[in-house]
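Notes to accompany the following structure.
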Amino acid sequence: MSAHSLSRAAVLAAAVSLAAGLAAAPAQAATEQRQRDFAAAAAEFGVPENVLLGVSYLESRWDTNAGTPSTAAGYGPMHLTDVREAGVATSHHDEGTEDPRGDDARPPLHPEAGPVAPPQGLQTVDEAAQLTGQKAETLRSDPTQNIRGGAALLAKYHAGQNGWYDAVARYSGSTGDAAQTFADEVFDTIKTGVARTTDDGQQVTLAATPDTTVPQHAGNPADVECPRTVACESVPAPYQELPNNDYGNHDLANRPVSQKIDHIVIHDTEGYWDNVLKLAQDPTYVSWHYTVRSADGLIAQHVPTKDVAWHAGNWYVNAKSIGVEHEGFAAKGTWYTEAMYRSSAKLVGYLARKYGIPLDRAHIIGHDNVPGTVPSTIAGMHWDPGPYWDWSHYFDLLGAPLGGFGLPGSSLVTIDPDFATNQPVFTGCDTAGTPCPARGSEAVVLHSEPNDASPLLKDVGLHPNGTPSTMGVADVGSRVATGQQYAVADVSGDWTAIWYLGQKGWFHNPRGARVAKPAIGWVVTPKPGLATVPVYGRAYPEPEAYPANVPVQAITPLPYTLAAGQKYSSAGTVGSEYYYAVTFDQADHVVVKGKLKYVQIQFGHRIAFVKADDVRILPAF
């Protein structure tokens, strides 16, 4: 080849490279717009850029959430609040009709909460509108103007001895330790730095500033069980006698001496903070151990962890769990703040270490994963925190990332879709029947065949008439959740089937965009000679274990069976227990422990139990 031809080839290559670079430049510029918006707003209002980025990260992780409000009525990357637009919350019981105690030895408990009004103070969008000259609607929906609004507020709040620290604390909308904890989290984030891709594809970076220092403040009160790094207050639930030999609103116990605590149950409140705390202090209402506030992550403890709260709708689970409520709304399609996620993860991590609870999705469960006690209670079980709770991010904060621990071709998988891009379209987030907002979700929907056009699976507990499950946001009959593990039943092209409620449940799992990762663990299958195995919603003792003064609790199977040839993920063997606590006097309470052993399994969307004598436990690789 001549020198002349080499020269032409080089020129051609250079031209192609230049054209590619010019084409890529606009695309790169488009994904960096949010970063430029933060820089411009910081310069316009005289706010340090890292402070503006840090506050936004603690509120929204820089996401837009498609213009939908958070559970604290906040909009956009800067979480400008507008309760007028976000609307009034509904009753907690709109998400199910369960008896929160779930104890057959006592009459069903169905207290009424009713609609709750949002607090009127959550209107920072109005203040931002005055400072920027923008309309509230624009500040809610336009990320650029939303960031300007947040910067204007921080600039206004900047005063006092501690400068930007005090401004950040005030931005939280809180006072005292809660505001200081929010500011601490912001400045810790500034110190370590963070970078991520937002839900709308923006590349944003907060560079680390290692020499960041913040003021020191006092710790939590002595009467709360909380880690030192969160703001926690005591708002006790009453243990009080009521007329007609009744009492409320929890049971005294001596855990973990009397009973091991096996689970932490994640809830959302379906109400705003002030209203929910009033309910927690009502002796005629139900109870839970903690509530976490959305705006700043403040934690209130209501019931000592040694005692049994009435929160999960299943007495066996109540007696062996801790309930943590989060200010929010499962059915409104709203999103949860980063401040709440971080505070909750610190609390749950602390409790898990204290009580030896494994950091996995078989033991850190949602209310939607708690099984019905008997066939008649399945349909009324609550389903919070709903499909918009980011389990993958939550477990990252717990220091126990989900997925990615098995070998390709494993017979066990962990559900782990990309939260931002996984957007199943649910219905029922409002009373009009319109589709829920298109936004990130932890849920993966199952089909009866390996194609999107096939019906969803049947859940005879939720739909006794035999009809398929639906895309209703409350219908968990054909839906798996992030972090849950299932045994692989079949593979067909880009589709994977798992065993689920006695059926093959198919989901799209293409190479390069996996929504399930190979896992290592244990599975159960019926022992040889057994065609089917009954499945239970609680692990109660055999009749012979009960003393004469304690009524025997029925061991009632659920309307499902585990058939020969099927396999389900095992969370280990548990003993059989029943906590008899039907009187105000703790001296009358009895923990009944039997010889019968059960295995906890991931049977459908909810956990379940099978008798250990009925199954084999096998390794899955």
Side-chain angles (χ1 to χ4, degrees), residues 32-86 121-160 163-174 178-179 182-190 194 196 198-200 202 204-207 294-297 334-340 342:
E32 294 175 352
Q33 182 59 50
R34 182 114 350 113
Q35 187 87 53
R36 291 194 296 273
D37 288 342
F38 280 112
E44 179 183 359
F45 293 98
V47 180
E49 186 176 347
N50 60 357
V51 170
L52 186 61
L53 285 162
V55 169
S56 179
Y57 189 84
L58 254 293
E59 296 284 18
S60 68
R61 298 175 75 211
W62 307 319
D63 287 339
T64 65
N65 289 288
T68 58
S70 77
T71 58
Y75 290 82
M78 295 304 300
H79 198 256
L80 300 179
T81 52
D82 189 347
V83 295
R84 289 191 308 266
E85 180 67 18
L122 294 177
Q123 285 297 132
T124 59
V125 71
D126 294 342
E127 193 175 6
Q130 293 177 351
L131 294 170
T132 62
Q134 296 291 327
K135 295 180 180 179
E137 179 182 2
T138 303
L139 289 166
R140 291 194 305 265
S141 59
D142 185 327
T144 300
Q145 297 304 324
N146 184 274
I147 292 169
R148 288 186 68 243
L153 289 173
L154 279 168
K156 180 181 177 180
Y157 300 159
H158 181 227
W164 290 110
Y165 181 90
D166 286 348
V168 171
R170 183 176 173 186
Y171 195 95
S172 71
S174 307
F182 178 86
D184 287 349
E185 287 288 346
V186 168
F187 281 92
D188 281 346
T189 304
I190 292 171
V194 65
R196 70 181 295 265
T198 66
D199 60 353
D200 57 347
Q202 293 289 306
V204 184
T205 299
L206 168 58
S294 178
D296 53 14
T334 51
W335 49 278
Y336 300 90
T337 66
E338 179 67 3
M340 173 183 280
R342 288 194 171 206

- pair Leu206-Asn50: side-chain heavy atoms closer than 4.5 Å: yes

- Query: When you measure from the side chain of Thr81 to the backbone N and O of Thr124, does any donor-acceptor pair fall under 3.5 Å?
  - Reply: yes

- Task: May I have the step-by-step check of side chain to side chain contact (heavy atoms under 4.5 Å, CB included) for Phe182 and Thr337, ending in yes or no?
- Result: CA-CA 12 Å; Phe182 178 86; Thr337 66; over 6 Å; no

- Would you call Leu80 and Leu153 a side-chain contact if the rule is heavy atoms closer than 4.5 Å? yes

- Query: Could you give the distance from OG (Ser56) to CG (Leu154), rounded to the nearest 0.5 Å?
  - Reply: 10.0 Å

- CZ on Phe38 to CG on Leu53, rounded to 0.5 Å: 5.5 Å

- Going by atom types alone, do Thr71 and Thr334 pair a side-chain donor with an acceptor below 3.5 Å? no

- Message: Donor-acceptor pair, distance only, cut-off 3.5 Å: does the side chain of Gln202 make one with the backbone of Gln33?
- Response: yes

- Task: Identify the two heavy atoms, one from Ala72 and one from Ser294, that lie closest to each other, and give their separation to 0.1 Å.
- Result: CB-OG, 3.3 Å

- Excluding sequence neighbours, so at least two apart, what forms salt bridge (charged side-chain N to carboxylate O under 4.0 Å, His left out) with Arg342? Glu185, Glu338

- Can you name the nearest heavy-atom pair linking Ala179 to Ala169, along with the distance? CB-O, 3.5 Å

- What's the spacing between Tyr75 OH and Thr68 OG1 if we round to 0.5 Å? 8.0 Å

- Query: Could you state the interatomic distance from CZ (Arg61) to OG1 (Thr189), rounded to the nearest 0.5 Å?
  - Reply: 11.0 Å

- Task: Starting from the C-alpha separation in whole Å, work towards a yes-or-no answer on side chain to side chain contact (heavy atoms under 4.5 Å, CB included) for Tyr165 and Val186.
- Result: CA-CA 9 Å; Tyr165 181 90; Val186 168; over 6 Å; no

- Query: Tell me, do Trp164 and Ile190 make a side-chain contact under 4.5 Å, heavy atoms counted?
  - Reply: no

- For Asp200, enumerate each residue passing the salt bridge (charged side-chain N to carboxylate O under 4.0 Å, His left out) test, keeping only those at least two apart in sequence or located in another chain. Arg34

- Query: Taking all non-hydrogen atoms of both residues, which atom of Tyr57 and which atom of Trp62 are closest, and how far apart?
  - Reply: N-NE1, 3.5 Å

- Note on the structure: Tightest non-hydrogen contact, residues Ala295 and Ala339, listed as O-CB, 4.0 Å

- side chain to side chain contact (heavy atoms under 4.5 Å, CB included) with Thr205: which residues, sequence neighbours excluded? Gln35, Ala195

- Ala178: what forms a side chain to side chain contact (heavy atoms under 4.5 Å, CB included) with it, not counting sequence neighbours? Ser174, Ala231, Arg293, Asp296, Leu298

- Message: I need the full list of salt bridge (charged side-chain N to carboxylate O under 4.0 Å, His left out) pairs touching residues 45-59, with sequence neighbours left out, sorted by first then second residue.
- Response: none

- Message: List the residues meeting salt bridge (charged side-chain N to carboxylate O under 4.0 Å, His left out) with Lys156, not counting sequence neighbours, and say none if there are none.
- Response: Glu127

- By salt bridge (charged side-chain N to carboxylate O under 4.0 Å, His left out), which residues pair with Arg140, not counting sequence neighbours? Asp82, Glu85

- Could I get the full list of side chain to side chain donor-acceptor pair (under 3.5 Å) partners for Glu44, not counting sequence neighbours? Arg148

- Among all residues two or more places apart in sequence or in another chain, which pass the ring-ring contact (aromatic ring centres under 6.0 Å, His included) test with Phe45? none

- Message: Testing the 3.5 Å rule here: is there a donor-acceptor pair between the side chains of Ser70 and His79?
- Response: yes

- Query: Going from OG1 on Thr64 to CH2 on Trp335, what distance comes out if it is rounded to the nearest 0.5 angstrom?
  - Reply: 9.5 Å

- For Asp126, what residues pass the side chain to side chain donor-acceptor pair (under 3.5 Å) criterion, not counting sequence neighbours? Arg84, Gln123

- Who are the ring-ring contact (aromatic ring centres under 6.0 Å, His included) partners of Tyr171, not counting sequence neighbours? none

- Task: Check for a donor-acceptor pair, side chain of Asp199 on one end and backbone N or O of Asp63 on the other, with a separation under 3.5 Å.
- Result: no

- By side chain to side chain donor-acceptor pair (under 3.5 Å), Ser60 pairs with (sequence neighbours left out) none

- Task: With rounding to the nearest 0.5 Å, note down the distance linking OG1 in Thr132 to CD1 in Ile147.
- Result: 13.0 Å

